[in-house]
Amino acid sequence: MRQACTVTVDPHLLDDLEWRGLIAHSTDLDALREALVAGSVRFYVGFDPTAPSLHMGNLLQILTARRLQLAGHTPYPLVGGATGMIGDPRDSGERTLNTLDTVKDWVDRVRRQIEPFVSFEGSNAAVMVNNYDWTASLSTIDFLRDIGKHFPVNRMLARDVVRSRLEDGISYTEFSYILLQSMDFLTLYRDHGVTLQFGGSDQWGNLTGGVELIRRADGGKAHAFATPLITKSDGTKYGKTAGDALWLDAEMTSPYAFHQFWLNVEDAKVGELLRVFTFLPREEIETLEMQTAEQPFLRAGQKALADEVTTLVHGAVETAQAKAAAAALFGTGDLAEVGGGTLAAALREAGAVTAPLGTPYVDLLVATGLVKSKGDARRTIAEGGAYLNNERVTDPEFVPDGSHLVGDSWLVLRRGKRNFAGVEIG
RNA sequence: GGCAGAUUGCCCGAGCGGCCAAUGGGAGCGGACUGUAAAUCCGUCGACUUAUGUCUCCGAAGGUUCGAAUCCUUCAUCUGCCA
């Protein structure tokens with residue numbers, strides 16, 4: 001057997017996953033439980049390079065992989081060099097294909113983002129794989145004979161995603177995606193003894209496709225489970241609208257913005273998010289949930305959540321800086337009383353630009369990116385949503401002068417309640 | 001290949017020669033309330049400008065007209081039916 005016997009596995013892993021609500025669907029749960037207790041299970045979870053960075057939804061999978069590894073199992077994180085070329089079908093319609101160069105670049109970036117979350121050492125060291133390696137050279141004939149033969153089209157057509165697309169159309173390319181992902185599982189099963197795959201609940205069809213392929217092709221037994229889709233309490237996705245996706249890349253979503261995102265999570269979701277996105281133990285999470293219910297204004301749950309997740313993704317140093325920045329900007333005290341160094345750091349964290357003294361306030365708003373045009377800036381002022389140094393600005397012609405500087409050379413701009421940006425005069 | 005229909009601002013969707021920067025809904029943004037929450041209410045939502053002005057815009061390019069998102073031609077893409 002290829003199972004590593006030197007690793008001790010945590011027998012309570014599945015209970016913990018269930019308590020955290022991480023198992024939305026699964027194949028035979030008892031069989032999975034048995035396997036997870038018997039020894040180190042080799043498992044895989046795939047990430048398609050659909051953007052230059054992974055996002056919040058992917059983080060859930062990465063952390064789940066980490067949980068499994070910490071419990072003694074062996075991760076095979078997969079980057080979709082091949083599947084990323086094809087595109088998973090989605091309800092919103094046919095995807096635009098990316099070029100090979102783009103996909104390759106994104107594959108590298110995605111791989112580097114996953115690496116810090118798993119360990120590549122020890123007897124259950126992670127093994128990074130790329131499905132391009134066994135897919136690129138595959139011949140069409142082999143693919144159709146060895147893989148395609150096991151997929152009844154009537155069943156493929158019955159899948160929800162496919163059915164919803166039949167009206168508007170779906171290309172053969174996207175229709176075939178499930179074959180590629182299923183083949184990945186089969187390949188990893190054959191070559192590496194991987195017997196478990198998990199993914200988001202939208203991947204359920206693809207997950208079971210692989211399990212079934214292993215059964216049909218090799219008569220093998222494999223497992224799969226799907227993690228839940230995390231939505232806001234009104235049922236909509238987080239970061240669904242363009243622009244405000246929560247990226248793991250610090251260049252795309254600053255650690256400050258990342259920390260703020262978690263801090264602003266709605267009360268009703270804090271418990272769920274703590275269970276899913278942090279490694280805090282059960283008792284601690286239950287205490288935080290209780291505090292959130294009884295004294296919601298303290299936002300103890302949100303604070304713990306923001307600190308934990310930001311530390312996981314960006315490290316303790318960045319987290320401390322994000323917190324310090326928030327404390328300086330949202331603090332009740334006078335901005336002038338915040339130390340110059342602290343203020344400067346806070347503003348750089350929140351976003352800062354430089355401009356000469358005498359620049360009209362409207363232009364400063366545009367320069368910081370708080371508004372997207374001068375018209376937008378004037379509108380915001382008219383709506384009463386524009387502030388300088390925490391005081392509302394009502395005059396659209398306002399031009400800050402030397403008397404407005406705080407922390408030596410800074411102007412603190414704010415739009416609405418919580419969007420800050422700094423301007424360094426120089 | 002033939003015939004028919006579609007393509008509207010971030011999304012969905014009205015408009016079918018002037019009153020259209022373009023109804024309505026959603027998302028977003030701001031205000032009030034509060035806790036950097038949810039719900040609710042109000043406002044806002046192309047750009048420049050801040051004027052009762054200019055520019056860009058209704059798949060793309062041409063054309064008809066005093067005037068086009070609206071009519072015509074060609075092209076592109078999608079859908080359906082027939083080969």
Side-chain angles (χ1 to χ4, degrees), chain A residues 89-97 164-174 231-246 254 256-274 288-289 291-307 310 322-333 335 346 349-351 360-363 365-388 390-398 412-421:
Chain A
R90 51 179 176 184
D91 290 337
S92 49
E94 192 77 13
R95 292 174 188 266
T96 310
L97 292 177
S164 71
R165 288 280 300 278
L166 287 179
E167 188 76 9
D168 296 324
I170 176 170
S171 68
Y172 183 73
T173 309
E174 289 192 5
T231 60
K232 295 192 234 182
S233 44
D234 62 3
T236 59
K237 287 185 192 170
Y238 280 104
K240 168 76 174 159
T241 50
D244 67 348
L246 193 74
S254 74
Y256 171 80
F258 189 86
H259 187 263
Q260 285 286 305
F261 170 84
W262 298 101
L263 200 58
N264 283 312
V265 146
E266 49 196 317
D267 294 351
K269 283 287 164 178
V270 170
E272 180 184 342
L273 295 172
L274 279 168
L288 286 166
E289 286 189 274
Q291 285 177 357
T292 301
E294 286 168 6
Q295 297 176 291
F297 51 90
L298 293 180
R299 295 186 302 140
Q302 280 92 336
K303 286 176 184 168
L305 178 67
D307 290 355
T310 309
K323 283 175 75 173
L329 297 173
F330 288 100
T332 46
L335 276 174
E349 194 78 16
Y361 180 71
V362 163
D363 293 320
L365 278 177
V366 176
T368 57
L370 286 175
V371 299
K372 58 181 199 268
S373 68
K374 284 191 183 185
D376 195 12
R378 289 171 189 279
R379 190 181 305 130
T380 302
I381 293 170
E383 289 171 336
Y387 305 81
L388 174 67
N390 287 340
E391 285 184 35
R392 181 172 285 173
V393 173
T394 52
D395 176 14
E397 306 302 327
F398 177 61
V412 181
L413 275 62
R414 172 155 66 95
R415 180 188 189 184
K417 249 187 246 187
R418 56 197 190 200
N419 299 303
F420 284 94

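Only this structure's heavy atoms are used, side chains among them; waters, hydrogens and symmetry mates stay out. A note on names: the letters A, B, ... follow the listed sequences, proteins ahead of strands, and every chain is numbered from 1.
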Side-chain N or O of A/K374 versus OP1/OP2 of B/rC48: is the shortest distance under 4.0 Å? no
In whole Å, measure the gap between the C1' atoms of B/rG46 and B/rG9 for me. 8 Å
Hey, which sits more toward the 5' end of RNA chain B by its nearest nucleotide, A/Q302 or A/G384? A/G384
Rounding to an integer number of angstrom, what distance separates B/rC58 and B/rU70 when you compare their P atoms? 9 Å
What nucleotide, of B/rA47, B/rC29, B/rG43, holds the atom closest to the side chain of A/K372? B/rA47
Considering only NZ, NE, NH1 and NH2 on the basic side and carboxylate oxygens on the acidic side, decide whether A/E272 and A/K269 come within less than 4.0 Å. yes
Between B/rA47, B/rG30, B/rU49, which nucleotide has the shortest distance from any of its atoms to the side chain of A/R415? B/rG30
Does a side-chain N-to-carboxylate-O contact under 4.0 Å join A/E391 and A/R414? no
B/rG5 pairs with, by Watson-Crick or G-U criteria that keep both distances under 3.5 Å: B/rC78
Distance, P atom - from B/rA38 to B/rG28, rounded to whole angstrom: 10 Å
Determine the interatomic distance between C1' on B/rU54 and the same-named atom on B/rG59; round to the nearest Å. 27 Å
Please work out if A/R414 contacts a base, only the sugar-phosphate, or nothing of the nucleic acid, heavy-atom cut-off 4.0 Å. nothing
A/N419 side chain N/O closer than 4.0 Å to the phosphate oxygens (OP1, OP2) of B/rC29? no
Under 4.0 Å from OP1 or OP2 of B/rG31: is there any side-chain N or O of A/K417 that close? no
Span that lies between the C1' atom of B/rG18 and that of B/rC12, in whole angstrom: 28 Å
Grab the CD-P distance between A/E383 and B/rC42 for me, whole Å please. 15 Å
Distance between C1' atoms of B/rG30 and B/rA22 (Å, rounded): 24 Å
Within the 4.0 Å heavy-atom criterion, would you say A/G416 contacts the bases, only the backbone, or no part of the nucleic acid? sugar-phosphate
Please classify the nucleic acid contact of A/V265 as base, sugar-phosphate, or nothing, using heavy-atom distances under 4.0 Å. sugar-phosphate
Distance check, C1' atoms only: B/rC81 and B/rG17, in whole angstrom units. 32 Å
Please report, rounded to the nearest Å, how far the P atom of B/rG30 is from the CD1 atom of A/I381. 14 Å
Closest non-hydrogen contact found for A/L370 with A/R415 is O-NH1, 3.2 Å
Heavy atoms from C-beta onward define the side chain here; which of B/rU44, B/rU49, B/rG35 lies closest to that of A/R379? B/rU44
Checking A/K374, A/K372, A/R379 against A/D376 for side chain to side chain donor-acceptor pair (under 3.5 Å), the one that qualifies is A/R379
Check every strand shown and say whether A/A326 touches a base, only sugar-phosphate, or nothing at a heavy-atom separation below 4.0 Å. base
Expressed in whole Å, how much space separates the C1' atoms belonging to B/rC55 and B/rU49? 11 Å
Taking only the side-chain heavy atoms of A/R418 (C-beta and beyond), determine which of B/rA37, B/rG31, B/rG35 contains the nearest atom. B/rA37
With a 4.0 Å cutoff (strictly under), does any side-chain N or O of A/S373 reach OP1 or OP2 of B/rG46? no
Just to be sure I understand the rule, does A/K269 reach a base, reach only the sugar-phosphate, or reach nothing, if contact means heavy atoms closer than 4.0 Å? nothing
Report which part of the nucleic acid A/Y387 touches: base, sugar-phosphate, or nothing (heavy-atom distance under 4.0 Å, all strands). sugar-phosphate
Less than 4.0 angstrom between a side-chain N/O of A/R378 and OP1 or OP2 of B/rU50, yes or no? yes
